[in-house]
Amino acid sequence: MVVAYDPAWPALFEQLCAGLWPALRDLASAIEHVGSTSVPGLAAKPVIDMDIVVPGPAAMAQVIERLGHLGYQHRGNLGIDGREAFQHPPGLPAHHLYACVVDGVALANHLAVRDYLRAHPATAERYGRLKMQLADAFPHDIDAYVAGKTDMLLDILRESGFPTSQLDEIAQANRL
């Protein structure tokens, strides 16, 4: 389900961040609001995407442990190196939480797409229309929905100056 932009999404991110940051502030450098809900005016699934920025792989085990104490279930890297995924505890607003190594491709990808779409509202509008079309065409097939976005996301990454060597890795991960 893709919906029109909700101006409440940034405040929801801040609320979720406030519940996480006290437990992570000595291990992480930031928590970034990423994904479509982080781009003003962009249609999105009503799920907040968040990346905890971790300085390196050595700190990841402690981040995983602390998130576990907060009720987050570690789901592994889900096939993306340098990123660990978590299921949020019951009772919290819908969100996807990832812990990403600061110099990893996963974090760089999320930030590049977010920053490009924030700086290029016409592209964000086109991307929003594509997402709504794909959601209508594939209401019960998340894989087809994701695959349908891949080419446009790769174009955005190219335009943002994303390293060509890393585009193949991202394309492969999104087409599996």
Side-chain angles (χ1 to χ4, degrees), residues 1-21 30-53 72 75 77-80 82-100 104-162 166-176:
M1 177 178 68
V2 175
V3 300
Y5 179 77
D6 185 340
W9 287 335
L12 187 54
F13 163 76
E14 292 297 334
Q15 173 192 340
L16 291 165
C17 195
L20 293 166
W21 189 245
I31 301 176
E32 296 282 351
H33 187 185
V34 295
S36 295
T37 62
S38 71
V39 179
L42 180 57
K45 292 180 290 187
V47 178
I48 305 296
D49 290 324
M50 306 173 69
D51 284 352
I52 300 166
V53 182
Y72 284 84
R75 299 178 59 215
N77 73 5
L78 304 180
I80 308 289
R83 181 194 84 176
E84 298 295 323
F86 299 86
Q87 174 66 43
H88 65 78
L92 290 180
H95 64 288
H96 294 139
L97 183 64
Y98 304 100
C100 300
V105 174
L107 178 64
N109 171 6
H110 287 169
L111 296 177
V113 170
R114 179 198 68 191
D115 294 347
Y116 188 88
L117 291 174
R118 284 179 174 175
H120 298 87
T123 303
E125 185 178 325
R126 262 191 2 263
Y127 183 50
R129 283 194 309 269
L130 173 64
K131 290 169 36 133
M132 292 188 119
Q133 291 167 352
L134 291 168
D136 286 344
F138 304 108
H140 304 292
D141 187 349
I142 189 68
D143 293 331
Y145 170 82
V146 169
K149 300 186 313 177
T150 298
D151 287 339
M152 184 166 188
L153 287 170
L154 290 172
D155 288 343
I156 289 168
L157 288 169
R158 275 187 209 92
E159 287 294 318
S160 75
F162 207 77
Q166 296 174 347
L167 290 174
D168 289 339
E169 181 181 335
I170 292 167
Q172 185 63 27
N174 285 312
R175 289 194 168 110
L176 293 177

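What's counted below: heavy atoms across the whole structure, side chains too, no hydrogens, waters or symmetry copies.
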Heavy-atom pair of closest approach, residues [X] and [Y]:
X: S36; Y: A44; answer: CB-CB, 3.4 Å
X: V39; Y: A124; answer: CG1-CB, 4.2 Å
X: M152; Y: T123; answer: CE-O, 3.7 Å
X: A135; Y: V2; answer: CB-CG2, 3.6 Å
X: Y5; Y: G41; answer: CG-N, 3.3 Å
X: L157; Y: A112; answer: CD2-CB, 3.8 Å

Ring pair (Phe, Tyr, Trp, His ring centres under 6.0 Å): pairs with one or both residues in residues 119-152, sequence neighbours excluded:
Y116-H120

Residue pairs fulfilling salt bridge (charged side-chain N to carboxylate O under 4.0 Å, His left out) with at least one residue in residues 130-139, sequence neighbours excluded
none

Going by the salt bridge (charged side-chain N to carboxylate O under 4.0 Å, His left out) test, which pairs reach into residues 107-128, not counting sequence neighbours?
E32-R114, E125-R129

Measure the spacing between [atom1] of [X] and [atom2] of [Y] and express it to the nearest 0.5 Å.
X: Y98; Y: L78; atom1: OH; atom2: CG; result: 7.0 Å
X: E159; Y: L154; atom1: CD; atom2: CG; result: 12.0 Å
X: L134; Y: I142; atom1: CG; atom2: CD1; result: 10.0 Å
X: I52; Y: L107; atom1: CD1; atom2: CG; result: 11.5 Å
X: C100; Y: I31; atom1: SG; atom2: CD1; result: 11.5 Å

Can you pull out every side-chain hydrogen bond (donor to acceptor under 3.5 Å, both in side chains) where at least one residue sits in residues 37-47? Sequence neighbours excluded, please.
H33-T37

Enumerate the side-chain hydrogen bond (donor to acceptor under 3.5 Å, both in side chains) contacts for residues 82-94, please, sequence neighbours excluded, ordered by first and then second residue.
H74-E84

Can you list, pair by pair, the side-chain donor-acceptor contacts under 3.5 Å of residues 8-16, counting residues two or more places apart and other chains?
none

Please enumerate all residues that pass side-chain contact (heavy atoms from CB on, under 4.5 Å) together with P139, with sequence neighbours excluded.
none

State whether the side chain of D51 and the backbone N or O of V53 hold a donor-acceptor pair below 3.5 Å, judged by distance alone.
no

D49 versus H110: any side-chain heavy-atom pair under 4.5 Å?
no

Taking only residues two or more places apart in sequence, or in another chain, which ones meet Y72 in a ring pair (Phe, Tyr, Trp, His ring centres under 6.0 Å)?
H95

Those residues at least two apart in sequence (or on a different chain) that pass salt bridge (Lys or Arg N to Asp or Glu O under 4.0 Å) with R75 are none

Please name all residues satisfying side-chain hydrogen bond (donor to acceptor under 3.5 Å, both in side chains) with D6, sequence neighbours left out, ordered by chain then number.
none

